[in-house]
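Here's the structure we're looking at; comments come further down.
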Amino acid sequence: MSRLPPSSTERIDRSRPLGFRWCGRALEGFEGDTVASALWGAGVRTFGRSFEYHRPRGLHDLEGEGSSQLVSIDGVPNQSAGTTPLREGMDVGAQNVRGDPRFDVFGLLDRLDRFMPAGFYYRLFHRPAWAARFFQERMRGLAGLGVLRPDVPDRGERAERYLNADVAVVGGGPAGMSAALEAGRLGLRVCLFERRPWLGGHLDWRVRDSRPLAGEVSALADELERMESMRVFRHAPVTGIWGENLLTGFQYRGAGGPTDGWTGSGTAEAFDETHWECRARAVVVATGSIERPLVFEHNDRPGVMQVDTAIRLARTYGVRPGTAAAFSVGDDLGLEAAVDLASLGVDVRMVADARHEGHDEALVAALVEAGIDFRPGWAATRVRGRSRVRRVELADRTTTGAGSGATVGSAGGGAGDSLRVACDLLVASAGRQPDIGVLSCAGARFRHGQRTRTFELERLPPDVFAAGGVLRLTDVEALTTSGRTAGLEAAAACGADVAEALARERARLADLPGPARGSSIVRGPVAGRRLAPGRKAFLDFDEDGTWKNAAQSAAYAFDVPELAKRFGNFGLGPGQYRVPGQNLAMAMAEIAGRPIGSFAATTVRPPVIPPSLATLAGPNHDIHKRTPLHDDQASRGAVFRRAGPWLRARYFSADRQCLEEIRNVRENVGLLDSSPLGKFRIWGPDALRALQRVYISDMTRARPGRCTYSAMCNDTGNIIDDGVVVRTGEDEFYFTTSSNRAGTTVEWLRFHTRYDGWDYNLVNLTDALASINVAGPNARRVLEKITDAELSDEAFPYLGCREIEVGDGVAARCLRLGFVGELSYELHLRASHARYVWDLLWEAGAEYGIRPFGLEAQNCLRAEKGHVIIGTESEQRVTLLDIGMGWLWDREDTASGKVGAAALRYCEGQSGRLKLVGLRVDDPAGDAGAGTARDPTHRPEDGALVVDGDRIAGFVCTTRHSETLGWQYGLALVEDRLAERGRSLDLYESLGRRTVRWTATVVPPHFHDPKGQRLRIAPEGRPRRPGKAPSPPAPAAHRRSPVRFDAAPARTERRAGWNVVLDYESDRAPADVMRRASLVDLSHRARWDVQNRDIGTLRPFGLDVPGTPGKVAVRDGLMINRMNGTQASVWHVGPGAAPAMPDGPHYTDTTDSHCWLALLGDSVPEVLESVTGLDLFDPARARPFLTQGPVLHVPCQIVTWRGDAVLLAFSRGYGQTFVEALLESGRHAGLRPAGERVFTDWSHALKS
Amino acid sequence: MTFRLTCPVCGKRDVYEFTYGGPERGPRPAEADPASGSQAAGGSDPAAGSDPAAAAEAHFRWAQFRMNRPEPQEEWWHHGAGCGVWFSTWRDPATNREAPPGGAEAGGHEASGRDSS
């Protein structure tokens, strides 16, 4: 172990050794070490092999800036050794090596560099053509660093959090802390992000005149910790700034990581990471500076390291960076480090400074006093030694070229203009460059500065401010003052009145030392004749980009940095242009013989610091809608598939042809859950005009008690939706849409009437109403058993619509439709009642052998009937006329401005359009005789192409086998000239590399019951099974919540049909409830929608509607939320029974539309922060207030009642999956389900 | 790329909450009446109603043409994940920031700090 004696600055705990493995060897480090410092401290010099030449690489930086220090940890590749805290038992492995990193088999590639010039992979290996594939496979095998092992499962817990701040500060050094404090003192909400696990920036390890500088800013850190409005995130790198000050980043939460700002238990996983996003009104960037590598021959050898790396190894981790050292630096911090390392007992033999003048005299004096050979104007030229530094050559920059040279054993003088120094550590740096990564992402612009010799900030984007080292300030007082200035500027951008203080700080800053002088050196003096200049002098360590490669790029005319970086792969690795970007710009200028600074630094792109892909992927909740009948269908063997936001039952058996399900509907009776069907209520004086606008038919024909079928088109005449409309009142209608249009129908109507100022109201009832389809010849017999309503063909004909009661007085709207081509009743009823009625139908149908059927069976049934599904039998080229539904179009009506009518008129009679035709797939054996039993699976796939001669002339929409017909039928869209009956079509489908040809004959697209007789007068179905007892009277109706917690109820109460859980077994003691977070399901409580153009004049339930949207009023157990200009919602928050809904068209009972949850407890803000970016706790807003926006990507209405109480409501279908995701995301904050009593207790306490 | 829009009801929100309704282009042109050739109600262009070809052309331009200029334009947006309101706003598609009609967008500012020369 090469550890130094303990020092006051170190961050390791020497009393807690940690054992770990490196390439199979057992090593030891200390608590507080990173993997890199532990390895170096244990004497490991080669960490891995480089990307292209497989050169040995050691520890160059501790910031995770380069690929050299990437290792695999516990089988997970590409982990940054420099930033990952060491953990007991870690298994660390080298990357890009075969065998031991010290003796890598591919190390010989290093000698083949002349065959791998810049961009060789773009230019070679293309001819002959077969060679490209051969070399691609070979080179892919060689390229890359880490190995992704499929046998290693994904590790760690990934979380998300979304922050809202007035001011976000990037960087927790002296400038960043000062800026944060200044803004925080004004009461602004401040978030500070520091990439290291502690605050203080580079002062944390710097020691000047035996005095640790950390003490100068420790007071700042203490004040930050205490400040109320301040949130400090340590070990939380910023990956980028996006439009309008959206900061993204991540935070390590693993072992040894910080737990601040995160009350969850710090688990033992090394891979726990949080992805965070912070929306800020103003940003202060105080990212400080990073080092610009010095370029010279073999500048990548293990033992060559940055100034900060050497000094941090010694000062932060107590690791001896080397025994004998040479320095080749470019600024005063380098000199300071040399003095400090010498004082720690490292034998510093020589310090070369690329600058000829401008040194800090005190430091020079200290060097001389320590007896160190100090050489201004000198720099390193090359390193000798393979897997570690053995000797360093240095030369005078002014007298470039090969000198005779003298060898220096220990620190001692040498004659001439070059020297060799024997050492095992070369601390090399061209100087410091501002860390422009984050600023560059934000869109800041830079120019080269003459004094600092770096790229300086020229222009900042709006509401972004910079402070500290990023401005190249180094004086501690100047750093804090510039921080305060930026903090005040940010506060001013948030509207604070700080002009006076700002002027004062600016004046103070003007009197303090300005930016430090730097050196424009990129490359050390060229010396030696054996090596072509720059051949092993690396500009970019990640991709092995050498000086020579840069010169080659320039020779190929990729002679500006932005081109060279792409051609020569400079900065495409983890360094992300931050590290090599400025060097490359300066190198390209030097190669072109132009003044340094004539090229701008290349743009840094996010992620500035790469997070793992798993962190970006996040917790990946599968949030979808479920129907109220989901659980029962699942228990009956349903196979579910996603359809838009919904999970729907597609099959009920292993038979993907669904023959039994189809036969049952044709001959008997089946049940289909069609709840995702879009369902809407529209009313108001202009409701009819709005329907006339969007529906293509004459909607004045819509009558009470009758379904009017129609379709919607878009402005190009494409059919986009179909459904039925029922008139339910003087100015009131009920209409349905296809499932996938349900979410956009309200938007569509409002959009197409946006100029008209019409007075109509619209409520989406899709989630509020379940839809159960009873279909088949026996449907009536089954339905009769659960309702007293008259169902005969005379009383309730085809296309009728009746309000009926089923079972124990449950209201249902019954529509007699025939999508599947059989007698069928569609029951639209409250979602909470759906399961009750569904169970009744099962019981009633048992004697007939009722069965469920899924979407696939429905698809076959409707296709047999020739009914289209929009999107399957239509696409964006297809109009209403093309699919043969022109009869729907009310062509006389030009006054309504029907959407799509103009386009239909225009393309009516056009030739060359696609037409919908029926197909009869020919038997490949040539036996096309009817009734031939054929393999039902033997048919072209949906989407097979129709080919006419040598061109594509359409496609197959759907083909299925029909048991009824005995042959394969289908629907296809083909060019009109092919659409004549009896025409033979060629169909092709590609199965992998194989193309299969089919032939089919055009037939009319109505295969089953073309006249529709079965719909009007149903044929006799299968007889009932004998011996069944008559059904007992209907049980009492019950209602169900969309949510079921995974907890055992302890106390329940029956309330208006609902089974309300008052307590769960797992509920906390009353005293504990508010300390963490509880989730209460309030879906059983009543909610109403109130809509009216003059909503202010209505007094629903005797309450005043709040005047402006977002306002909330609570009175008499009711909470009324103003949603927008015309709409409010009323929630029954209790206590007591819910009042009856007032009469009048303005009210809609939306109890069943939503899942309603209450979140209670002190950690509620933390729970919500991990699921939504909405600013729900804005201190500037008077509570309670309403926010409408996405939580877990689900649109929600959220009432922020207090800091520890939030109510939220969202579409009912999302209920179960939303709650599961919420509980998972909130687990770290102690979120648990709770019974209703927690809510009632809380609201009682509120009153008293 | 991410930007924000100011909803008249909910205030500034992420663009992901909205759906785009295209640039402002005025109400739908009147449809030509094929039977009478007379002007239909609601039209703004008296010539359009009388001539079916002109009406078709007007409708075609209205429905299909977009100018796509990199300058502030008035656009329709729907706050679908929020209050459900359609509104129009001025935005510069070149910068993705809301911008006044014809005006310059809010620019950046000079870096503050010590003069480095």
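To find a chain, count down the sequence lines: A is the first, B the second, and so on, and within it residues start at 1. Keep in mind that what you see is a predicted model, and the values were worked out from it rather than measured.
- Scanning both residues, A:Tyr906 and B:Ala56, for their nearest heavy atoms gives CD1-CB, 3.9 Å.
- Here the side chains of B:Thr2 and A:Arg279 are in contact, with some heavy-atom distance below 4.5 Å.
- Going from atom CG of B:Asn96 over to atom CH2 of A:Trp242 covers 13.5 Å, rounded to the nearest 0.5 Å.
- Looking at B:Arg13, only its side chain comes within 4.5 Å of chain A, counting heavy atoms on both sides.
- No more than 12 heavy atoms of other residues, nucleotides or ligands shown are found within 6.0 angstrom of CZ on B:Arg61.
- Contact annotation for B:Cys10: only side-chain heavy atoms (C-beta onward) come within less than 4.5 Å of a heavy atom of chain A.
- For the salt bridge (charged side-chain N to carboxylate O under 4.0 Å, His left out) with B:Glu31, the lone residue among A:Arg905, A:Arg693, A:Lys898 that qualifies is A:Arg905.
- The most heavy-atom pairs under 4.5 Å with chain B, out of A:Arg472, A:Arg1122, A:Gln1197, A:Gln1188, come from A:Gln1188.
- B:Arg97 is listed as a side-chain neighbour of A:Pro462, based on a closest heavy-atom distance under 4.5 Å.
- Between B:Trp76 and A:Phe751, the angle of the ring planes goes over 60°, which puts this pair in the perpendicular group of the 30/60° scheme.
- Residues B:Lys12 and A:Glu244 are paired through a salt bridge, judged by an N-O separation under 4.0 Å between the basic side chain and the carboxylate.
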task = Assess whether side chain to side chain donor-acceptor pair (under 3.5 Å) is satisfied between A:His752 and B:Arg28, documenting all intermediate values.
result = CA-CA 9 Å; A:His752 287 289; B:Arg28 172 177 289 101; 3.1 Å; yes

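- With a 4.5 Å cut-off on side-chain heavy atoms, A:Met1123 and B:Cys83 do not count as touching.
- With a 4.5 Å cut-off on non-hydrogen atoms, B:Ser88 does not touch chain A at all.
- Using a 4.5 Å heavy-atom threshold, the side chains of B:His78 and A:Val746 count as separate.
- For chain B, the nearby parts of A:Val899 are the backbone and the side chain; heavy atoms of each come within less than 4.5 Å.
- Under the 4.5 Å side-chain criterion, counting only non-hydrogen atoms from C-beta, B:Glu17 is in contact with A:Leu1174.
- With a 4.5 Å cut-off on non-hydrogen atoms, A:Asp463 touches chain B through its backbone but not through its side chain.
- Listed options A:Pro1190, A:Gly1125, A:Pro1109 were ranked by heavy-atom pairs under 4.5 angstrom with chain B; first place goes to A:Pro1190.
- Using a 4.5 Å heavy-atom threshold, the side chains of A:Thr716 and B:Gln64 count as touching.
- In this structure the side chain of B:Trp62 reaches within 4.5 angstrom of the side chain of A:Asp715, judged on heavy atoms.
- Proximity to chain B (any heavy atom under 4.5 Å) is restricted, for A:Asp893, to the backbone atoms N, CA, C and O.
- Contact tally against chain B (heavy-atom pairs below 4.5 Å) for A:Gln450, A:His1193, A:Glu747, A:Arg750: the top residue is A:Glu747.
- With hydrogens and angles disregarded, no donor-acceptor distance shorter than 3.5 Å links the side chain of B:Trp86 to the backbone of A:Arg754.
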